[in-house]
Amino acid sequence: MKTTVKTICNFILITVISCSNSERQGGITGSSANRDNQETEITYVPGMSLCKAASYPVGVAVSAEKLGDSRYAGVVRREFNSVTAENQMKMAYISVAPGKYDWERADAIVAYAEKNNTRVHGHALLWHESLPPWVENFEGTDEEFEAEIKTYIQAVVEHFKGKVASWDVVNEAIEEDGSWRNTVFLQHMGEDYVARCFRWAREADPGVLLFYNDFNLSSNPVKAQAAADMLKGFQDRGVPVDGVGMQMHIQVETPAISKIADAVNIFTEMGLIVHFSEIDTRLNADDKLTELTYEAALAQENRLGEIVDMYNTIPESQQYGITFWGLRDNESWLLSRYGTDWPLLFTETYEYKIAHRGVIRAFE
Ligand code: XIL
C-alpha cells in the first residue's frame with residue numbers, strides 16, 4: 001500500500017515539472033525520509049529533481065523507444081537535462097552500408113531533446129564493439145577503409161550539427177596496460193587514427209565539443225596515464241580535443257574516491273573538460289544478494305554522494321556534467337553481463353531509490 005501511494009505521488013510530481021538548461025531553482029514539495037529516522041526503505045519521495053538541484057547538466061542514457069513511453073519520458077523530462085543515446089547513435093545502428101544511413105531512432109532522440117530543452121551528448125562515432133558488418137569484414141584497401149571512416153564520421157557529425165552538443169569521437173581505444181586496443185580501426189589506419197578522427201569531426205562541425213571516452217580511467221592509473229599522454233600529444237600537435245569522458249562503471253566500494261580524484265586531476269590539469277559519462281554502481285559484484293537490501297541501498301546512496309562531492313570539486317568551466325547509464329535498475333546493461341544487480345537511481349516501477357537522494361544531497 002505504502003509503495004502504491006509513493007508511486008502515484010512520484011507520478012504526479014513527474015507529470016508537472018520539467019527542467020531546462022537555464023533553470024536552477026525552486027523545489028518540489030514532497031516528504032523526504034530522513035536518515036536519522038531509522039528508515040529502512042530503499043525508496044523515498046523526492047523533494048527536488050536532479051537537474052534542478054545541480055549546477056551542471058545531469059544526463060541519462062536513453063533509447064527512442066523508451067522516450068516514446070509517456071511515463072518513462074515524464075521521469076526523464078523531470079530529472080534530466082542531458083541525454084545520451086545508449087546505443088542508437090553508434091555505428092552499427094546508423095551505418096547501414098557505405099554512404100547509407102539510418103537516422104530514424106537517433107533523430108527521435110534529438111526530437112525529444114529539442115522539444116524538452118535537453119542537451120544531447122553524441123555517443124559514439126567509433127567504437128570497436130559497435131561495427132556494422134561492412135566495417136567488420138572490410139575487403140578493400142586500407143586507404144579505402146580510411147576514406148569510408150572519414151566519410152562516415154563527417155556525415156554523422158554534419159547530420160547532427162547544431163543538434164548534438166558534443167561527441168565521444170573514439171570510445172575505448174586503449175587497453176588496460178596502456179597499449180592501443182587492437183581494433184579494426186587500428187589495423188587499417190595505424191596508431192594515429194584517433195587523432196585523425198578528431199580532426200575530421202572538427203572539420204565537419206567547428207562548434208561541437210569533442211571527447212575521448214573510456215572505462216576504468218578512475219580505477220587504473222596506467223590506463224588513465226596512457227589516455228592523458230595521448231590527449232597531451234593531441235594538444236601539443238593542435239589536434240582538436242575538448243574533453244574526456246570517464247565512464248564510471250564503478251562498484252559500491254571500489255575504486256576508492258581518492259583514486260578517482262587522482263585520475264580526474266590528471267585531466268583537469270591539462271585543461272580538459274570532464275564528463276562522468278556512464279555512471280552505474282554495482283552493488284552485487286560478489287553475487288551474494290538476491291534482493292536489494294536497505295544496507296546495500298544505503299551504501300549506494302552514500303557512494304553516489306561521495307562521487308558527486310568529488311565531481312563538484314572540478315572547476316566549473318571543466319564540468320561537462322554527469323550521466324547515468326540508464327534510468328531503472330531493470331534496464332541496466334550490467335544485468336545481462338554480470339547478473340542480478342541494482343546499479344541505477346530508479347526501480348522498475350519508477351520509484352525513487354534513496355540513491356537519488358544521495359545525489360541530490362551532494363548537489364545541495
Ligand atoms: C552498452 C549498452 O548499454 C548496451 O545496451 C549494449 O548492448 C552494449 O553497449 N561502454 C560504452 C557503452 O561506452 O556504449 C556501453 O553501452 C557500455 C560500456
Side-chain angles (χ1 to χ4, degrees), residues 20-22 56-57 59 81-85 88-91 93-95 98-99 101-103 106-107 109-115 117-127 130 145-173 185 189-214 227-246 267-277 314-321 323:
S20 76
N21 288 334
S22 52
Y56 42 78
N81 51 6
S82 179
V83 291
T84 303
Q88 293 168 336
M89 289 188 183
K90 291 172 183 169
M91 198 177 198
Y93 290 75
I94 289 183
S95 180
Y101 311 97
D102 179 353
W103 306 114
D107 282 350
I109 293 172
V110 169
Y112 163 88
E114 284 179 340
K115 197 166 157 208
N117 199 12
T118 296
R119 181 180 77 182
V120 183
H121 173 65
H123 172 81
L125 294 171
L126 288 200
W127 185 35
S130 184
F145 182 90
E146 175 153 342
E148 291 297 352
I149 296 300
K150 179 178 178 187
T151 301
Y152 173 76
I153 288 178
Q154 296 201 321
V156 175
V157 172
E158 264 162 35
H159 180 84
F160 294 108
K161 202 173 190 164
K163 298 176 174 171
V164 161
S166 46
W167 277 105
D168 291 330
V169 178
V170 178
N171 193 31
E172 304 180 355
F185 307 112
M189 293 161 65
E191 289 184 0
D192 209 31
Y193 81 93
V194 182
R196 296 209 289 291
C197 294
F198 275 78
R199 287 193 197 276
W200 297 330
R202 176 55 42 89
E203 245 174 62
D205 183 355
V208 78
L209 292 174
L210 304 179
F211 284 77
Y212 174 72
N213 194 56
D214 214 328
D229 291 347
M230 174 184 77
L231 298 173
K232 180 80 180 54
F234 288 6
Q235 291 176 328
D236 292 346
R237 290 158 56 201
V239 177
V241 57
D242 300 290
V244 64
M246 301 176 71
F267 298 118
T268 53
E269 277 166 17
M270 292 168 59
L272 292 166
I273 302 169
V274 175
H275 183 198
F276 282 0
S277 56
I314 295 174
E316 205 180 320
S317 61
Q318 288 168 277
Q319 291 173 328
Y320 198 59
T323 296

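Along the sequence shown, residues carry numbers from 1. Both backbone and side-chain heavy atoms feed into the values below; hydrogens, waters and symmetry mates do not.
- Closest heavy-atom contact between M246 and V274: SD-CG1, 3.9 Å.
- Taking CD of E158 as the reference point, atom CG of D205 lies at 8.5 Å (rounded to 0.5 Å).
- Between L125 and A201, the shortest heavy-atom distance links the atoms CD1-CB, 4.3 Å.
- A cation-pi arrangement is found for R119 relative to Y320, the charged atom lying closer than 6.0 Å to the ring centre and inside a 45° cone about the ring normal.
- Proximity of E146 to W200: side-chain heavy atoms (C-beta onward) are separated by under 4.5 Å at one or more points.
- Between I273 and F211 the shortest side-chain heavy-atom distance falls below 4.5 Å.
- Between the CE atom in M91 and the CD1 atom in I149 there is a gap of 4.0 Å [rounded to 0.5 Å].
- Counting non-hydrogen atoms of other residues, nucleotides and ligands closer than 6.0 Å to NZ of K161 gives a total above 12.
- Annotation: side chain of H121 is in contact with side chain of D168 (closest heavy-atom distance under 4.5 Å).
- We find that D192 and R199 are not joined by a salt bridge, their nearest charged nitrogen and carboxylate oxygen being 4.0 Å or further apart.
- Between F198 and the options Y193, W167, F234, a side-chain contact (heavy atoms from CB on, under 4.5 Å) holds for only F234.
- Across every non-hydrogen atom of V239 and A195, the tightest pair is CG1-O, 3.6 Å.
- The closest side-chain heavy-atom distance from M89 to V164 is below 4.5 Å.
- Taking every heavy atom of both residues into account, V170 and V194 meet most closely at CG2-CG1, 3.9 Å.
- Put simply, the side chain of R196 gets close to the backbone of M189: a donor and an acceptor are under 3.5 Å apart.
- With E148 contributing its side chain and P98 its backbone, the two residues share no donor-acceptor pair below 3.5 Å.
- Atom CD in E114 sits 9.0 Å away from atom CG in D107 (nearest 0.5 Å).
- The NZ atom of K232 sits 12.0 Å away from the CD atom of E269 when rounded to the nearest 0.5 Å.
- Side-chain contact between H159 and Y101: absent, with no pair of heavy atoms (C-beta onward) separated by less than 4.5 Å.
- Between N171 and D214, the shortest heavy-atom contact is OD1-N, 4.4 Å.
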request  = Decide yes or no on side-chain contact (heavy atoms from CB on, under 4.5 Å) for I94 and Y152, but give the supporting numbers first.
outcome  = CA-CA 9 Å; I94 289 183; Y152 173 76; 3.7 Å; yes

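- Here the closest heavy-atom approach between residue P57 and residue S82 is recorded as CB-CB, 4.2 Å.
- The side-chain hydrogen bond (donor to acceptor under 3.5 Å, both in side chains) test with H275 is passed by exactly one of T323, N213, T84: T323.
- R202 places a side-chain N or O within 3.5 Å of a backbone atom of V208 that can act as its donor or acceptor partner.
- Under the 30°/60° scheme for interplanar angles, the aromatic rings of W127 and H123 are found to be tilted.
- Using a 4.5 Å heavy-atom threshold, the side chains of Y93 and D102 count as separate.
- Q318 contributes a side-chain N or O that, together with a main-chain N or O of L272, makes up a donor-acceptor pair within less than 3.5 Å.
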